[in-house]
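Just so it is clear, the model here is predicted, and its values are computed rather than measured. Side chains are part of it too, since the values below use all heavy atoms of this structure and drop only hydrogens, waters and symmetry mates. Sequence lines set the chain letters: A, B, ... in the order given, protein chains first and strands last, and positions in each chain run from 1.
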Number of protein chains: 2
Amino acid sequence: MKQLQSEYQCAINLVVDVIGGKWKVFIMWNLNEGNKRFKELERSIPGITKKMLTQQLRELEHHGLVQRTVFEELPPRVEYETTELGKKLQPVLFEMCKWGDEYTEANKISMNQCWTQQDFMNSSP
Amino acid sequence: MKQLQSEYQCAINLVVDVIGGKWKVFIMWNLNEGNKRFKELERSIPGITKKMLTQQLRELEHHGLVQRTVFEELPPRVEYETTELGKKLQPVLFEMCKWGDEYTEANKISMNQCWTQQDFMNSSP
DNA sequence: AACCAAGGTTACCGAATCGTAACCTGTATG
DNA sequence: CATACAGGTTACGATTCGGTAACCTTGGTT
C-alpha cells in the first residue's frame, strides 16, 4: 500500500501521489458517472487486471477519494463511489482533459476513444 | 527517453505521461517564474540530482513543454524556458494546487514550504 | 600542479511498479 | 461432477524508475 508522505513541499506533488500511476484517473473518471460495482469497473477499463483494480481502489479508499460498500449478499456485491473530496477532483481532471486535447491537436496524437473534454462535461452531473 | 504512446484512450493519461514522475511538476513550476539556467533549477529543487534534472528536462523538451537554449560561452550557459504549450499547463497546475490545499486541510498533512495555491498566483505573470 | 566552475554523460544498483497465473469462498446451474 | 459467478488474494517475474558515484570539457584561479 502506497503511503503518502507526512509533509509535502508542494501541493502538486501530493496530487501526483494521490492520483498518479497507471490506472487511478481511469477509475476516478468511471466513478464520476455514478456508483459502480467491481465488475463494472473491470469491464469499463480495458486492460486492467483484478489485481491492479483492487490495489488501486484500496489506495483511493485509503486516501479518502473513494468509498467502498459491501452488501452482505450472495453472490457478493461491492459498490464503489466517490467521496466529497473525490468529487472535488473533477475540476482538476477537467483541466487535464482540456490541456490533453490541446496537446493532441498540436502534436497529431490520436485519441482513439471518446474520453475527451466533451465527454467529461456530458458525463458530469 | 520516455516515449509517448501513439494513441491514447483518455487525454488525462496523456497528461500523466507528460508531467508525471517525481520531478517534472517541480521543474515546470520553477520555469513558471521565468527563464532559468541549469544550475538555478538544480539549486531551487531540493533533492534533485544532475542526472534526473537533465533527463527530465530532455523529456519535457522532447514533448514540447520546454525550450532549451545553449549560449556559446565559457563557462557554458544553458537556459530553459517554457513554451506556449507549457504555459497552457498553468491552469492544470493551478487546479492541482487548489485541490491539494483542500486535501491537506481535510487530512492534516503539512505543507512545509511555500508552494501553495497562493504562491502560484503570486508567481504567475 | 591542483582545483573550481557549468552542464552535462555513463555504469551500475536497489526499489517501486506492473503484469501473469493460480487459488479462494459460497451458491447456483447444466 | 464440472463449471460459472463476484470479488477478491497470493507468489512470482519483468520492467521501469530513481539514486550514487565517477568521469568529461574548457577555461580561470590559487
Side-chain angles (χ1 to χ4, degrees), chain A residues 1-5 8-10 12-14 16-27 30-31 35-63 66-81, chain B residues 1-5 8-10 13-14 16-28 30-31 35-63 66-81:
Chain A
M1 172 77 73
K2 172 168 194 164
Q3 299 294 331
L4 298 181
Q5 296 163 224
Y8 278 87
Q9 310 205 313
C10 171
I12 296 180
N13 262 50
L14 169 65
V16 170
D17 278 6
V18 169
I19 63 163
K22 193 169 172 182
W23 300 111
K24 292 211 178 80
V25 288
F26 282 110
I27 296 172
N30 272 273
L31 293 179
N35 299 11
K36 293 252 175 120
R37 297 180 61 167
F38 185 87
K39 263 296 163 189
E40 287 182 276
L41 286 170
E42 197 179 350
R43 273 191 282 260
S44 50
I45 304 176
I48 200 167
T49 61
K50 285 138 133 13
K51 182 198 153 193
M52 291 312 292
L53 183 54
T54 313
Q55 191 179 104
Q56 302 301 303
L57 279 169
R58 289 296 137 84
E59 289 180 9
L60 289 169
E61 188 193 359
H62 193 244
H63 296 152
V66 159
Q67 201 197 322
R68 177 173 182 262
T69 310
V70 181
F71 296 85
E72 295 297 345
E73 305 175 359
L74 273 165
R77 182 158 66 100
V78 179
E79 283 194 1
Y80 294 91
E81 63 188 303
Chain B
M1 171 76 73
K2 173 167 193 166
Q3 299 294 331
L4 297 182
Q5 296 163 224
Y8 278 86
Q9 309 206 314
C10 171
N13 262 51
L14 169 65
V16 170
D17 278 5
V18 169
I19 63 163
K22 193 168 172 183
W23 300 111
K24 292 212 178 79
V25 289
F26 282 110
I27 296 172
M28 292 309 290
N30 272 275
L31 292 179
N35 299 11
K36 293 253 176 122
R37 297 180 62 168
F38 185 88
K39 262 296 163 189
E40 287 181 277
L41 287 170
E42 197 179 350
R43 272 191 281 260
S44 50
I45 304 175
I48 201 168
T49 60
K50 285 137 134 10
K51 182 197 152 192
M52 290 313 292
L53 183 53
T54 313
Q55 192 180 103
Q56 301 301 302
L57 280 169
R58 290 295 137 86
E59 289 180 9
L60 289 170
E61 187 192 1
H62 193 244
H63 297 152
V66 159
Q67 202 197 323
R68 178 174 182 263
T69 311
V70 182
F71 296 85
E72 296 296 344
E73 305 174 359
L74 274 166
R77 182 158 66 99
V78 179
E79 282 195 1
Y80 294 90
E81 62 187 304

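Considering only residues two or more places apart in sequence or on other chains, A:N13 meets the side-chain hydrogen bond (donor to acceptor under 3.5 Å, both in side chains) condition with none of them. Residues that satisfy the side chain to side chain contact (heavy atoms under 4.5 Å, CB included) test with B:L4, not counting sequence neighbours, are A:Y103, A:I109, B:Y8, B:L14, B:D17, B:V18, B:H63. Applying the salt bridge (Lys or Arg N to Asp or Glu O under 4.0 Å) criterion to B:K39, with sequence neighbours excluded, gives B:E42. With sequence neighbours left out, the salt bridge (Lys or Arg N to Asp or Glu O under 4.0 Å) criterion links B:R77 to B:E73, B:E79. The side chain to side chain contact (heavy atoms under 4.5 Å, CB included) search around A:K36 returns A:N30, A:L31, A:E33, A:E40, A:L41, A:S44, not counting sequence neighbours. The side chain to side chain contact (heavy atoms under 4.5 Å, CB included) check on B:K22 picks up nothing, with sequence neighbours excluded. Partners of A:E72 under the salt bridge (Lys or Arg N to Asp or Glu O under 4.0 Å) rule, at least two apart in sequence or in another chain, do not exist in this structure. Remark: B:R68 engages B:Y80 in a side-chain hydrogen bond (donor to acceptor under 3.5 Å, both in side chains) (not counting sequence neighbours).
You'll find the side chain of B:H62 reaches within 4.5 Å of the side chain of B:Q3, heavy atoms only. At least one side-chain heavy atom of B:L74 sits under 4.5 Å from a side-chain heavy atom of B:P76.
Among the protein residues, B:F71 comes within range of no part of the nucleic acid, since none of its heavy atoms lies under 4.0 Å from any strand.
First and last contacting nucleotides of DNA chain D toward chain B (any atom under 4.0 angstrom from a heavy atom, 5' to 3' order): D:dC17 to D:dG27.
Comparing the start and finish of the helix from C:dA1-D:dT30 to C:dG30-D:dC1, five pairs each, the helix axis swings through 40°, to the nearest 10 degrees.
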Are there any protein N/O atoms within less than 3.5 Å of an N/O atom in nucleotides 1-6 of chain C, and if so, which ones and at what distance?
| unit_1 | atom_1 | unit_2 | atom_2 | d |
| --- | --- | --- | --- | --- |
| C:dA6 | O3' | B:R37 | NH2 | 3.2 |
| C:dA6 | O3' | B:P76 | O | 3.0 |

Provide a list of protein-nucleic acid N or O atom pairs under 3.5 angstrom, restricted to nucleotides 11-19 of chain C.
| unit_1 | atom_1 | unit_2 | atom_2 | d |
| --- | --- | --- | --- | --- |
| C:dC18 | OP1 | A:K22 | N | 3.1 |
| C:dG19 | OP1 | A:K22 | NZ | 2.4 |
| C:dG19 | OP2 | A:W23 | NE1 | 3.1 |
| C:dG19 | N7 | A:K51 | NZ | 2.9 |
| C:dG19 | O6 | A:K51 | NZ | 2.3 |

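When the options B:E59, B:M52, B:Q55 are evaluated for a side-chain contact (heavy atoms from CB on, under 4.5 Å) with B:W23, the one that passes is B:M52.
Interatomic distance, CE of B:M28 versus CD1 of A:I12, reported as 10.0 Å (0.5 Å rounding).
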